[in-house]
Amino acid sequence: MMLSPPFILYLYLLAPCYWAFICQNTGPSSDFRMDGDYTIAGFFRLHSYSTTVKSRPEVDICDRAASVYSHGYHLFQAMRLAIEKINNSSSLLPNVTLGYEIYNTCSESANMYATLSILAQSRQHHVEVLSTFTHYQPKAVALIGPDSSHFTLTTAAILSILLVPEISYEASNELLSLKSTYPSFLRTIPSDRLQVEALVLLLQEFRWNWIAVLGSDDAYGRNGIKTLKEVVAKHDICAAYQGIIPMKGGANSPELKEMLRVLVETGVNVTVVFSNVDSATDFFDMVVQENVTEKVWLGTEAWSLASEVWSIPGIHRIGTVIGLSVKQAKLPGLEEFESAHVNSEKSNVAMCAPDLGAEGSSGGSSSNESTSQGCNQICTRCHSLTSAPQAFDIWAAFNVYSAVFAVARGLHNLLGCCSGACSKDKVYPWQLLEKIKQVNFTLQNSKVLFDANGDPLTGYDLVMWKWTGLTWSFDVIGSFLQKPDRLNINRDGILWHTKDNQVPMSACSKVCVKGEKRMQVGLHQCCFDCVACPAGTFLNSSDLYNCQPCGTDQWAPMKSEICLNRTTEFLSWADPVSWALLTAITLLLLLLAGTTALFAQNLTTPVVKSAGGRMCFLMLGALICACCSLYCYFGEPTWHTCLLRLPIFSISFTICLSCTATRAFQIVCIFKLASKWPAFYRAWVKHNGPNLFIGACTATQVAMCLVSLSINPSVPRKDYTTFVTMTIFQCSEDDAVWGLLYNTMLSVCCFVISYMGKDLPENYNEAKCITCSLLINLVSFICYLTTYIFYHGKYLVAITVLSNLSTLSGIFGGYFLPKGYIILFRAELNTTEHFQMSIQSYTRKSSSD
Ligand SMILES: *[C@@H]1O[C@H](CO)[C@@H](O)[C@H](O)[C@H]1NC(C)=O
Ligand SMILES: *[C@@H]1O[C@H](CO)[C@@H](O)[C@H](O)[C@H]1NC(C)=O
Ligand SMILES: *[C@@H]1O[C@H](CO)[C@@H](O)[C@H](O)[C@H]1NC(C)=O
Ligand SMILES: *[C@@H]1O[C@H](CO)[C@@H](O)[C@H](O)[C@H]1NC(C)=O
Ligand SMILES: *[C@@H]1O[C@H](CO)[C@@H](O)[C@H](O)[C@H]1NC(C)=O
Ligand SMILES: *[C@@H]1O[C@H](CO)[C@@H](O)[C@H](O)[C@H]1NC(C)=O
Ligand SMILES: *[C@@H]1O[C@H](CO)[C@@H](O)[C@H](O)[C@H]1NC(C)=O
Ligand SMILES: *[C@@H]1O[C@H](CO)[C@@H](O)[C@H](O)[C@H]1NC(C)=O
Ligand SMILES: CC(=O)N[C@H]1CO[C@H](CO)[C@@H](O)[C@@H]1O
C-alpha cells in the first residue's frame, strides 16, 4: 500500500511525543492491559478533561486534575466483561484467549497517542514506516472506540491506511459512513443521518414546521445541524433559528444567554438540540436560569438520557423533553461484574490505573490494598467514585459489548474455529476486517450485522422524560425502525407540559384550507398567506405553492384540489329533439319523392308544364339533396360530415333558387317583356338563357364552396370556451355565412322577379307562393342568426337544421304543394282550356288597363 506523504510526516512528527511518554512511564504503554493470543484495543474516556491551548507538544495525562467520567468507566467494564465471557466460552473461539489494551482517551492528544501506540508492533515501541502494511502486525488486531466522532475522525483516518478494523460504539457522525475515506471503520451506533431522519419524522408526526435548531460546537453538533437543515428543507419544515452552543464560558457565558434570548424571541415552541452532553448541560443550565418553560425540547441520543442533563436542578420546569435513544438493550451481569472485582482482592487481572481515583481521596497511597502489580492495580475506589449504570450507560455499554463480540466472531471465522479447533495462526488486521464485515449473529435478542457502510441496522427508541415530583425517569413512547424508515409512536403515552395536555403548536402559519395555495411571506417558505385557487386550476398536493391549470378536457371550480372531466356535448341521434327533426326531415323527403313521382306521371299536363316541366325535376332533385344533407347534422361530428354537409346544402339550395328565379323570370318575360322588348326575349331564348343562368349561379356557389373548403375547411372542433363544465363538439363552420349571403341574395332576386309578375294569371302567378316561401326562408335565416349570436350550446345544430328545414319546406310548400294539390284534387283546373281562358282574361284585363 502506498502511503501519502502527509501521513508519513504525521508519524514522524508524533514520534517524539510518543517516545517522551514511554520514557516517562517505565511500565507498559497502555493504561489497562491483559495478555492474550490476540489483542483487541479499546479507547474509552475515563476522565472529563477540558483541553486548553498548548504551547508544548505534550500528550495530556488524563488523570491529572480531572474528574472521573462514570459513563466511560461503565463502557470500559463492558469491554472487559465481553472479553472475559468470550474467553470463558467454549463455543466462541475455543482455546483462544483474547487480550486487551485499553487506553484512556480523554483528549485529542491522548487519543492520537493511543492510536499510534496500538499501531506499534508487539513488543516494540515504534511504528515502522513501510510502503506496504500487508504483512505488518500491529499490537492490536482491532480497535473498539473511541467514543466521540471528533476523535474517531482522526483515528479512523489513520487506521484506515493500515486497514485495521475499528468499531466505534458512540461515534455517530455521518461522514464516517464514507467508505472511500474510512474503509476500515464500522460502528454499532446508527449514523446521525438516520437520527436526523427519525427527528424529521417526529416533527412531521406532530406537524411542527417552525422550529429552532441548536448544536454543540463540534463535529457532532455542526454536522448534525447541517444534515438536519438539508433533510428538513425537503419536508416543508423551516428552522426559524439556528445556533451553535458556545463551548467556552460554560453555563454562565453571556453569548449563551444572548443566544437563548434570541431563541425565545423567535417564538418557536419546538427546539432540536443536536449536542454533546457537555454543551447540552451548559445550555439547559441557562434555560433553567432564564425560567424558559412550556417548550418542547427534542434531544439526540447523546444527551437525551444523560444524567448530567436531567440532574440539573430545576430542569423539570423547562417543558416536554422527547429524545432519541439508541435502542434500549439489557446487559445483564455488568453491575455484578463491576462489583465482583471490587470484592475479590486477589483478582489477577488488570483493572484500574493507580491514579484513577487520585483526586477522589487524598492520601490514596495509604490504601490497604497496595499490592503493586506494575501499572495495573486493583482499585476499589474506582467503583465508589462512579455512579451505578443508568439507561444511558447501559445501551452504550451494550454497543461496546456487541462490538467486541463482532470482532470475536470475525476472528472465530478467520481462524476456522467452526471446524472445531482454532488454528491460532498469525492474523493480519486486514484479513480480520473482511470477516468482521460479514458477521451476522444475534446477541441478547438483537441482531448484530453491518451494512455496506459499516453501519448497524438497529433503530432508535423514542423516550420521554417523566417527572414524579422531582424524581426523574423516562418512558419509551415509540421507536424508529430502519428499512423502510418508519416511526411507531404511542401518542397517548405522551405527557405534554401544556394546559389540557394538548400537543403544542409550532407553526409559522396556519394550514391552508382545501384548495388554497400558499403564498410565501418573507424568507421562509413555512410562513405564508392562503390564496384560493381560481376556477380552472387546482392545487396538486405535490406543490402547495402553485395552482396548476387543468387539462383542456377538464374543469375545476374555485378552491379545487382536483380537476373534473368536462362532458362532451353534441346533438346525438337519440336525443328527443333529434327524433322530432328526423321525423320532419324524413316526412319532407317522402313528400318530395311523392311529388317527383306525381309530376313524372303528369308531365304533360299544363300545371306541370307551367311549373317548368323538366326543370321541376332538377329543383326537386336539388331539394332532396339538400334535405339529405340535413342528416349529417346528427351524431358525433366526423371529418366527412363536417366537410360535406354545408356545401351539399348550399349548392343544392342555390340550384333550387336559381331554378325558381329563372322560372319566374321566364313567365314575366313571356307576359311582359316579350311584347315590350322582343329582341331581348329572342336573345334569351336563343342563347338558352335559363340553363346559362342556372349554370352560372351554381358555378358561383360551387366556386365559393371550393375556395372556402381549401382555405378554411370545416372540421370537427371542440369548443371549450363557451361553457365551463361542458365541451361542445361541433363543426367549425366559420365561412358558412358567405354561402348563406349568396343564397339570401338569390332569394331576394327571386322575390323581386316574382313580385314583378304579381298580376299575372292565377295559374302562372307564383308570386304569392314564392313570396311566402321566401319570407319563411328569410325569417328562419334571421331567427338562426339571432340564436347563433346568443346561444352556443349543442342545440345550435338543431336550430340550424330547423332553419334549413323550414327554408326547404317553404320552397316546397310555396312552389310545389299548390301544383300538387291542383293535379290531385282539382283536375278540372289542370286543362289546356282552363289555362287558355285565364291567359285570355289576363290579356283582356291588361289591354283594358
Ligand atoms: C469466567 O470463568 C471464571 C472461572 O471459570 C469465573 O470465575 C468467571 O466468573 C467467568 N466470567 C464470566 C464473565 O462468566
Ligand atoms: C486446547 O489447547 C490445548 C493445548 O494448547 C490442547 O491440548 C487442547 O486439546 C485444546 N482444546 C481444544 C478444545 O481445542
Ligand atoms: C426565574 O425565577 C426565579 C424564581 O421563580 C427568580 O428568582 C429569577 O429571578 C427568575 N429569573 C429570571 C431570569 O427571570
Ligand atoms: C482498608 O483499611 C481500612 C483500615 O485501614 C479498613 O477500615 C477498610 O475496611 C479496608 N478496606 C478494605 C476494602 O479492605
Ligand atoms: C443474517 O442471518 C439471517 C439468518 O441467520 C438471515 O436471514 C439474514 O438474511 C442474514 N442477513 C444478512 C444481511 O446476511
Ligand atoms: C407556541 O405556543 C403558544 C402557546 O401555546 C402559542 O400561542 C404560539 O402560537 C405557539 N407558537 C408557534 C410558533 O406556534
Ligand atoms: C400531482 O403532481 C404529481 C407530480 O408532479 C403528478 O404525478 C400527479 O399526477 C399530480 N396529480 C394530479 C391530480 O394531477
Ligand atoms: C376522466 O376521463 C379519463 C379518460 O378520458 C378517465 O381515465 C378518468 O377516469 C376520468 N375521470 C373521472 C373523474 O371521471
Ligand atoms: C480472564 C479470563 O477469563 N481468562 C480466561 C480466558 O480463557 C482461558 C481459557 O479459555 C482461561 O484460562 C482464562 O482464565
Side-chain angles (χ1 to χ4, degrees), residues 34 36 76-100 203 206-213 236-241 262-272 292-298 318-320 331-351 397 400-401 404-405 408 443-444 496-511 521-522 524-528 538 540 550-557 560-568 718 720 725-727 729:
M34 185 182 82
F76 145 69
Q77 292 296 356
M79 172 155 177
R80 295 189 48 237
L81 171 66
I83 290 198
E84 197 167 316
K85 279 242 173 99
I86 293 162
N87 278 354
N88 277 6
S89 157
S90 54
S91 56
L92 185 61
L93 290 172
N95 239 359
V96 173
T97 315
L98 289 182
Y100 55 74
L203 292 172
F206 293 108
R207 297 175 182 277
W208 291 324
N209 62 12
W210 189 237
I211 58 164
V213 182
D236 253 348
I237 300 171
C238 306
Y241 178 78
V262 179
L263 172 68
V264 170
E265 262 178 18
T266 58
V268 298
N269 290 338
V270 175
T271 306
V272 178
V292 179
T293 57
E294 294 203 347
K295 301 273 180 202
V296 177
W297 308 95
L298 300 184
I318 63 169
T320 315
L331 190 48
L334 180 64
E335 267 187 272
E336 293 80 355
F337 181 78
E338 283 178 9
S339 48
H341 287 280
V342 176
N343 300 334
S344 67
E345 283 177 37
K346 286 287 171 206
S347 177
N348 58 352
V349 283
M351 216 132 324
V400 173
Y401 190 75
V404 175
F405 268 83
L443 195 65
Q444 316 265 13
W496 301 105
H497 292 251
T498 52
K499 291 177 207 93
D500 314 330
N501 194 24
Q502 290 297 307
V503 179
M505 293 276 297
S506 201
C508 185
S509 300
K510 284 219 165 58
V511 181
V521 174
H524 293 282
Q525 63 166 6
C526 301
C527 301
F528 48 78
F538 76 108
N540 190 345
C550 290
T552 45
D553 272 332
Q554 296 176 319
W555 71 285
S560 178
E561 285 191 308
I562 46 161
C563 287
L564 304 164
N565 283 350
R566 288 181 186 239
T567 48
T568 302
K718 289 185 173 172
Y720 298 109
T725 63
M726 280 186 285
T727 309
F729 196 18

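Indexing begins at 1, ligand by ligand and atom by atom, following the structure's order.
- Here the heavy atom of the protein found nearest to atom 1 (C) of ligand 6 is Asn269 ND2, 1.4 Å.
- Phe729 has its side chain within reach of Lys718: a pair of non-hydrogen atoms, C-beta onward, lies under 4.5 Å apart.
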Go through the steps to decide whether Cys527 and Cys238 satisfy the test disulfide bond (SG atoms under 2.5 Å apart), and finish with yes or no.
CA-CA 9 Å; Cys527 301; Cys238 306; over 6 Å; no
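- Of the inter-residue distances, the one linking Leu81 atom CG with Glu336 atom CD reads 9.5 Å to the nearest 0.5 angstrom.
- There is a protein heavy atom less than 4.0 angstrom from atom 8 (C) of ligand 6.
- Close approach to Trp210 involves these atoms of ligand 6, each under 4.0 Å from a residue heavy atom: 13 (C).
- In this structure, atom 14 (O) of ligand 8 has a protein heavy-atom contact shorter than 4.0 Å.
- For Ala507, the heavy-atom gap to ligand 6 drops under 4.0 angstrom.
- Between Met505 and ligand 6, at least one pair of N/O atoms sits closer than 3.5 Å.
- On a distance-only criterion, Val268 and ligand 6 share no N/O pair closer than 3.5 Å.
- Between the Ser506 side chain and the Trp210 main chain, a donor and an acceptor come within less than 3.5 Å of each other.
- Atom 11 (N) of ligand 6 lies below 4.0 Å from at least one non-hydrogen atom of the protein.
- Near Gly267, the atoms of ligand 6 lying under 4.0 angstrom from a non-hydrogen atom of the residue are 11 (N), 12 (C), 13 (C).
- With ligand atoms numbered from 1 in the order given, ligand 8 contributes 1 (C), 2 (O), 3 (C), 8 (C), 10 (C), 11 (N), 12 (C), 14 (O) to contacts under 4.0 Å with heavy atoms of Asn565.
- Side-chain atoms of Val404 and Tyr100, non-hydrogen and from C-beta on, never get closer than 4.5 Å to each other.
- At least one side-chain heavy atom of Asn87 sits under 4.5 Å from a side-chain heavy atom of Met34.
- Cysteines Cys563 and Cys550 have SG atoms closer than 2.5 angstrom.
- By the 3.5 Å distance cut-off applied to N or O atoms, Glu84 is counted among the residues near ligand 1.
- Within the 4.0 Å cut-off (strictly below), no protein heavy atom is located near atom 5 (O) of ligand 6.
- Val292 has its side chain out of reach of Leu263: every pair of non-hydrogen atoms, C-beta onward, lies at least 4.5 Å apart.
- Numbered from 1 in the order shown, with element, the atoms of ligand 6 that lie under 4.0 Å from a heavy atom of Ser506 read 12 (C), 14 (O).
- Cys508 approaches Cys526 most closely through the heavy-atom pair CB-O, 3.6 Å.
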